[in-house]
Trainee: 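Right, I'll just put the structure down here and ask away after.
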Amino acid sequence: MFKKYIYKLEDAIVWSQSKLTNKQFIFLSSVLVGISAAFAVIVLKTFAHWVFLFATSVNGILKLSFINSVLPIIGILLTVFVVKRVLGGTIEKGTSQILYAVAKKASIIPKKQMYAQIVTSSLTVGLGGSAGLESPIVITGAAFGSNYAQKYQLPYKDRTLLIGCGVAAGIAAAFNAPIAGVLFAIEVLLVDVSISAFTPIMIAAATGALVSKIALDETILLSFKQQQTFDYHNIAYYVALGLFTGLISVYYSRNFQRLEHLFARLKFAPYKKALFGASILAIIIFIFPTLFGEGYESIKTLSENDPGQLLENTLFSGFRNNGWVLLIFIGLTMMLKVFATGITLGSGGNGGNFAPSLFLGSYVGFFFSKFLNLTGLTQLPISNFTMVGMAGILSGLFHAPLTAIFLIAEITGGYDLMIPLMIVASISFAISKRFEKHSMDVKSLAKKGHAFTSNKDTNILSTLDTNSIIQTDYLTVSPDENLEKLVDLISHSNQVIFAVVDQESHLLGVVHFNDIREIIFNQYRVKFTIVKEIMTAPIDIIYPADSMEIVMDKFEKSKVAFLPVIKNGKYFGFISKSIALEAYRTKLKSMTIE
């Protein structure tokens, strides 16, 4: 019966595609993709919330604080089982795979990502793994957009646009924050879109937020109602918080990558690696229970009047009214969050860093303001600093200051904190950018030339293949031939540059027509001059493995129109700057999202 309705819906979409203009069909598609992404959010968030309530109730009734440690072990082991038995042994993690799909896979995302992220992340995070659901939500939304576009045979530009729609809808539904959803899609993923492309992305974000608001219990979402008045006298402290969150962002990013590499190098079998990592995580969570799951409940607690509740059912419950003990607990939790998340994902669990960035940010903001208050130096509004700290870490980790500013503004229910949000997010971004050129999700891909960055030229060049513009049919000359042979080649070809090679095809030099123009009209010199006397060393050399960004950089520095290509130590061909630029212009035209 369910399949029957699916087929009817598909028939209706096909019919509408034939009746609507392309732009109208994209608008309709953005609504459908937005609804799909919103339902994925509802499934994930609801399951994770139920498990959190279960663990909390068990702890409250039976006083079994170890249940919070047992559940993550079960969750990570189940995730590994599903990956091995259902998903073919592998699963891509993090939003970087969307960037890779856009840059290198023509915006084609595998079908399994439409369900793989939901299943695995719900097991990992739902059962207490210290990670977030937003990255899996974003990937799922992107997969819906990509596969929808493939099914209805939409071109690359429309596939990419619908990926952005899925991403925007996912973030909008997860936080009931449509503006943040739009900004995240454009600021992090689709860094080069025209103004007209905003419309379908906004439609998708509004749809996702609306469906989430109707169908999802608002208490499940991260939101704040209580907020203290903004006092401009605290501007200096917000500046200091921006510096602090920027440095903490760098600390988190670098240590997370170290943990990823550490677990990647472990030679354990998947289940042993999962058990090893999950056991360490269990110990950390036993001591610091607030690291259980997404941690959104503890964020809400921090922003309220009684943050000492965090110490209940912990080893420090006897000190719930001691401000300094609470501060130390918050500080240690803050520094350990990166290890909890890194171990969760490195050992085989699935999740993302979006929620951990908000968790960490709230703890950093609380720690900063609480410390200053306890010292008696000032009296800062702790709840405000707790919320603004989230924007600082989110901006620093993802290099997305606009997303951070408007996300926190939306989930706090107003824009009274806009000024401190702008101050903290921008300073944190500047500090993080100073030490880390790329955001943590982009860094590994950018090193390989695979990912989109904020540089438009880099984005386009990353999609071009150097080998596709190498011309291998250029005629060559030997060094001991006289110029009569070279003149004959010039007169019977369109070449203006020739490679000078030996019998083993090693490149010895190059001869450009412009350099010998005066010589070739002197019969005596043509007859008695040999090639090696007038050849010059190439200013630079290109290798087939060079990225197009490197190729264009070599052209820019050398100021020449042709550069020779060496493959396996031997002459292979030439690349023409004009052909490279033409390939760039063609790709630019095909990739511009309008």
Side-chain angles (χ1 to χ4, degrees), residues 52 55-56 59-60 63-69 128 130 222-228 231 234 237-238 240-241 243-245 247-249 251-252 281-341 355-393 408 412 417 420 424:
F52 176 82
T56 304
N59 282 345
K63 305 299 181 183
L64 298 175
S65 58
F66 65 83
I67 192 68
N68 278 13
S69 299
S130 192
L222 180 63
S223 62
F224 304 92
K225 297 301 181 185
Q226 182 178 352
Q227 190 180 117
Q228 294 169 272
D231 185 353
N234 294 327
Y237 296 107
Y238 285 114
L241 178 62
L243 295 171
F244 190 39
T245 53
L247 294 173
I248 293 294
S249 297
Y251 161 83
Y252 186 100
L281 178 64
I283 296 172
I284 296 175
I285 291 177
F286 180 78
I287 301 173
F288 299 95
T290 51
L291 293 172
F292 180 90
E294 288 182 293
Y296 284 164
E297 293 298 325
S298 68
I299 295 177
K300 293 178 182 179
T301 302
L302 276 185
S303 66
E304 295 170 353
N305 292 325
D306 187 18
Q309 294 177 56
L310 294 179
L311 297 181
E312 292 180 357
N313 297 322
T314 72
L315 300 177
F316 313 96
S317 57
F319 301 92
R320 82 179 304 281
N321 296 318
N322 188 311
W324 284 104
V325 173
L326 174 64
L327 185 69
I328 293 171
F329 179 84
I330 294 297
L332 292 174
T333 304
M334 177 179 82
M335 303 306 287
L336 286 171
K337 181 60 177 178
V338 61
F339 298 99
T341 303
S357 71
L358 297 178
F359 178 95
L360 177 61
S362 67
Y363 274 61
V364 170
F366 181 92
F367 179 88
F368 178 87
S369 55
K370 184 70 172 179
F371 173 78
L372 291 177
N373 286 358
L374 286 175
T375 58
L377 295 174
T378 185
Q379 283 300 310
L380 299 175
I382 292 178
S383 64
N384 283 1
F385 276 77
T386 300
M387 297 178 212
V388 173
M390 291 190 284
I393 297 296
I408 305 307
T412 54
L417 291 178
V424 173

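In this text, all values refer to a predicted model and were calculated from it rather than measured experimentally. When reading the values below, keep in mind they use all heavy atoms of this one structure, side chains included, and skip hydrogens, waters and symmetry mates.
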Trainee: Closest approach of Asn234 and Pro381, non-hydrogen atoms and distance?
Mentor: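 So the minimum-distance heavy-atom pair works out to ND2-CD, 3.5 Å.
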Trainee: At their closest point, which heavy atom of Val388 faces which heavy atom of Leu417, and how far apart are they?
Mentor: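 Looking at all heavy atoms of both residues, the shortest contact is CG2-CD1, 4.2 Å.
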Trainee: Measure the spacing between OG1 of Thr245 and OH of Tyr252 and express it to the nearest 0.5 Å.
Mentor: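 Output value for this atom pair is 15.0 Å.
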Trainee: Could you work out, with side chain to side chain contact (heavy atoms under 4.5 Å, CB included) as the rule, every residue matching Ser357, not counting sequence neighbours?
Mentor: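 For Ser357, the residues satisfying side chain to side chain contact (heavy atoms under 4.5 Å, CB included) (neighbours in sequence not counted) are Ile393, Leu394, Leu397, Phe398.
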Trainee: Measuring from Leu241:CG to Phe367:CZ, what's the distance to the nearest 0.5 Å?
Mentor: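 That separation rounds to 12.0 Å.
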Trainee: Please round to the nearest 0.5 Å and tell me the distance separating atom CG of Leu310 and atom CZ of Phe366.
Mentor: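 Separation between the atoms: 7.5 Å.
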Trainee: When rounded to the nearest 0.5 angstrom, what distance separates NZ in Lys300 from CD in Gln309?
Mentor: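 Answer rounded to 0.5 Å: 13.0 Å.
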Trainee: Would Thr386 and Ile382 satisfy side chain to side chain contact (heavy atoms under 4.5 Å, CB included), going step by step from the backbone distance to the final call?
Mentor: CA-CA 6 Å; Thr386 300; Ile382 292 178; 3.9 Å; yes
Trainee: Do Tyr237 and Ser369 have side-chain atoms, one donor and one acceptor, less than 3.5 Å apart?
Mentor: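 Looking only at side-chain atoms, Ser369 and Tyr237 do not form any donor-acceptor pair under 3.5 Å.
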Trainee: Could you measure the distance from the CZ atom of Phe368 to the CG atom of Leu380? Nearest 0.5 Å is fine.
Mentor: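 Between atom CZ of Phe368 and atom CG of Leu380 there are 7.0 Å.
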Trainee: For the residue pair Tyr363 and Ser298, what are the closest heavy atoms and their distance?
Mentor: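 Shortest heavy-atom contact: OH-OG, 3.3 Å.
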Trainee: Under the side chain to side chain contact (heavy atoms under 4.5 Å, CB included) rule, what do Asn384 and Tyr238 come out as? Steps first, then yes or no, please.
Mentor: CA-CA 10 Å; Asn384 283 1; Tyr238 285 114; 3.7 Å; yes
Trainee: Excluding sequence neighbours, so at least two apart, what forms side chain to side chain contact (heavy atoms under 4.5 Å, CB included) with Ile287?
Mentor: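 Testing Ile287 for side chain to side chain contact (heavy atoms under 4.5 Å, CB included), a comparison that skips the adjacent residues, returns Ile283, Leu315, Phe316.
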Trainee: Quick check against the 3.5 Å criterion: does Ser362 have a side-chain atom that pairs as donor or acceptor with the backbone of Phe359?
Mentor: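 Side chain of Ser362 to backbone of Phe359: a pair is present.
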Trainee: Got a list of side-chain donor-acceptor pairs under 3.5 Å for residues 324-337, not counting sequence neighbours?
Mentor:
unit_1: Thr333; atom_1: OG1; unit_2: Phe329; atom_2: O; d: 2.7
unit_1: Lys337; atom_1: NZ; unit_2: Ser130; atom_2: OG; d: 2.7

Trainee: Quick check: closest heavy atoms across Ile408 and Met390, and the distance to 0.1 Å?
Mentor: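 Reported closest heavy-atom pair: CD1-CB, 3.7 Å.
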Trainee: Would you compute the distance between atom CZ of Phe244 and atom CZ of Phe371 and round it to the nearest 0.5 angstrom?
Mentor: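 Those atoms lie 9.5 Å apart.
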